[in-house]
There are 2 protein chains.
Amino acid sequence: MRLAKCLTERPVVTTMVTTVVRQLKQISTRFSIAVHALSLIATNPAECTGDYIAGSVNTNPVVIRRIIGMLKKAGLVDVRPGVGGASLRQDPERITLLDVYRAVNAAEDDHLFRIHENSNIDCPVGQNIENVLRTELEQAQALMEQRLAQTSIAQLLAKFAR
Amino acid sequence: MRLAKCLTERPVVTTMVTTVVRQLKQISTRFSIAVHALSLIATNPAECTGDYIAGSVNTNPVVIRRIIGMLKKAGLVDVRPGVGGASLRQDPERITLLDVYRAVNAAEDDHLFRIHENSNIDCPVGQNIENVLRTELEQAQALMEQRLAQTSIAQLLAKFAR
DNA sequence: ACCTGTTGTAACCGTTATTGTTATAACTCA
DNA sequence: TGAGTTATAACAATAACGGTTACAACAGGT
């Protein structure tokens with residue numbers, strides 16, 4: 001069969017593809033640590049130094065400052081060099097888990113699923129798979145994100161025991 | 001404040017924690033490649049050798065065999081050593097994207113979100129954050145997976161152009 | 001004006017997952 | 001038996017992650 005040959009006898013030259021990298025990141029603990037930090041700040045802004053938050057999260061202060069920096073860049077918190085403590089820039093009712101998720105770059109480029117590229121376009125499947133699958137996966141991802149958007153930091157705090 | 005001291009003056013000994021590792025994996029291209037392979041097998045089982053599929057996906061045949069091996073272990077496909085070709089072990093209408101997602105271990109231990117551990121239990125936030133957040137994130141994950149479960153390989157193929 | 005405590009970063013390390021690759025054993029069937 | 005195939009081990013290159021040290025810059029109190 002022609003297609004069989006076309007697919008099996010791959011040209012050896014394909015190794016030229018410089019690998020664009022663009023690696024999708026996993027959903028790291030940055031996300032949960034960020035939520036933790038925001039919960040602390042919402043509760044007790046005055047004491048929220050990097051060291052203090054690190055003491056509650058039980059990690060290194062630099063890890064915390066890195067994450068706080070991302071939250072600051074996203075407009076969620078206020079921090080000033082030299083002066084201790086941090087404060088929310090929005091009401092805790094208005095900061096959702098999705099805001100935090102996005103702020104800490106939980107998923108690269110807003111794509112949770114990574115899809116292989118360079119499929120063989122001489123093959124009916126290779127020709128179509130990327131677009132069709134992308135549509136499906138984007139819908140799945142959207143549902144997840146909608147759920148994240150439904151919970152605010154304030155709602156989270158309200159669920160704490162006592 | 002007592003809590004402040006408790007959190008700020010961390011005992012230096014905490015470094016003993018041997019770091020259990022347990023790294024959560026990202027959603028790799030294994031998933032999309034597996035869907036691609038299953039689509040090929042559903043369409044054209046006879047010709048589906050590792051090299052053939054690799055030609056359509058445009059990657060190394062060993063990568064394909066590794067993935068096919070996982071699909072086989074999950075009971076989705078039939079492959080036999082020595083003999084070329086592969087076949088579905090279930091109707092393409094009954095194989096969902098979620099089945100594939102699970103088969104290739106897209107998320108470690110079925111937990112898409114990784115949550116930091118060892119929060120300071122002397123802190124009200126540290127005490128509660130893990131359980132409360134876990135509940136939320138599991139619901140978000142569940143919605144995503146339910147969406148994956150709604151699409152079968154057959155439905156995917158039906159969406160291909162011409 | 002200094003000192004202390006803090007934020008903000010850069011730089012580096014060890015670990016891990018991923019993807020591609022080579023090599024080799026074992027198997028099937030004509 | 002030989003060709004084609006599956007199965008798998010081993011290795012390398014890359015990247016993300018989390019932790020750590022070091023240091024510059026800054027603010028506020030004394």
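Within every chain, numbering begins at 1; the chains are lettered A, B, ... in the order of the sequence lines, protein sequences first and strands thereafter.
Regarding B:Ile68, its CD1 atom lies at a distance of 11 Å from the C1' atom of D:dT6, rounded to whole Å. We find that CG of B:Asn60 is positioned 15 Å from P of D:dA7, with the value rounded to whole Å. Rounded to an integer number of Å, the gap from A:Ile27 CD1 to D:dG18 C1' is 17 Å. Atom pair B:Asn58:CG and C:dT19:P shows a separation of 15 Å (rounding to whole Å applied). Between B:Ile115 atom CD1 and D:dG18 atom P there is a gap of 13 Å when expressed in whole angstrom units. Atom CZ of B:Arg114 is separated from atom P of C:dA17 by 10 Å (rounded to the nearest Å). Taking atom CD1 of A:Ile53 as the reference point, atom P of C:dT6 lies 12 Å away to the nearest angstrom. The distance from atom NE2 of A:His116 to atom C1' of C:dT19 is 14 Å, rounded to the nearest whole Å.
Contact annotation: B:Thr49 side-chain N/O to D:dG4 OP1/OP2 distance is not under 4.0 Å. An OP1 or OP2 oxygen of C:dT7 is reached within less than 4.0 angstrom by a side-chain nitrogen or oxygen of A:Arg65. Listed pair A:Thr29 / D:dC17 fails the phosphate criterion, with no side-chain N or O lying under 4.0 Å from OP1 or OP2. For the pair B:Lys72 and D:dA7, the criterion of a side-chain N or O lying under 4.0 Å from OP1 or OP2 is met. For the OP1/OP2 pair of D:dA16 and a distance below 4.0 Å, the side-chain nitrogens and oxygens of A:Arg30 include no atom meeting the criterion. The phosphate of C:dT28 has neither OP1 nor OP2 within less than 4.0 Å of any side-chain N or O from B:Arg80.
Residue contacts shown for A:Gly69 are absent, as no nucleic acid heavy atom lies under 4.0 Å away. Residue B:Val62 is classed as a base contact, given a heavy-atom separation below 4.0 Å to a base.
A donor and an acceptor atom sit less than 3.5 Å apart, one in the side chain of B:Arg66 and one in the base of C:dG20.
Separation of atoms NE2 (B:His111) and CG (B:Leu137) is listed at 10.5 Å; rounding is to 0.5 Å. Taking CG of B:Leu76 as the start and OG of B:Ser87 as the end, the distance is 11.5 Å to the nearest 0.5 Å.
Between A:Asp110 and A:Arg102 there is a salt bridge, with a side-chain nitrogen of the basic residue lying less than 4.0 Å from a carboxylate oxygen of the acidic one.
Ring planes of A:Tyr101 and A:Phe31: perpendicular class, angle over 60° (limits at 30 and 60°).
In terms of position on DNA chain C, the residue among A:Lys73 and A:Gly84 whose nearest nucleotide sits closer to the 5' end is A:Gly84. Mapping A:Pro81 and A:Val63 onto DNA chain D by nearest heavy atom places A:Val63 at the nucleotide closer to the 5' end.
Not one N or O on the side chain of A:Asn120 forms a donor-acceptor pair closer than 3.5 Å with the backbone of A:Gly126.
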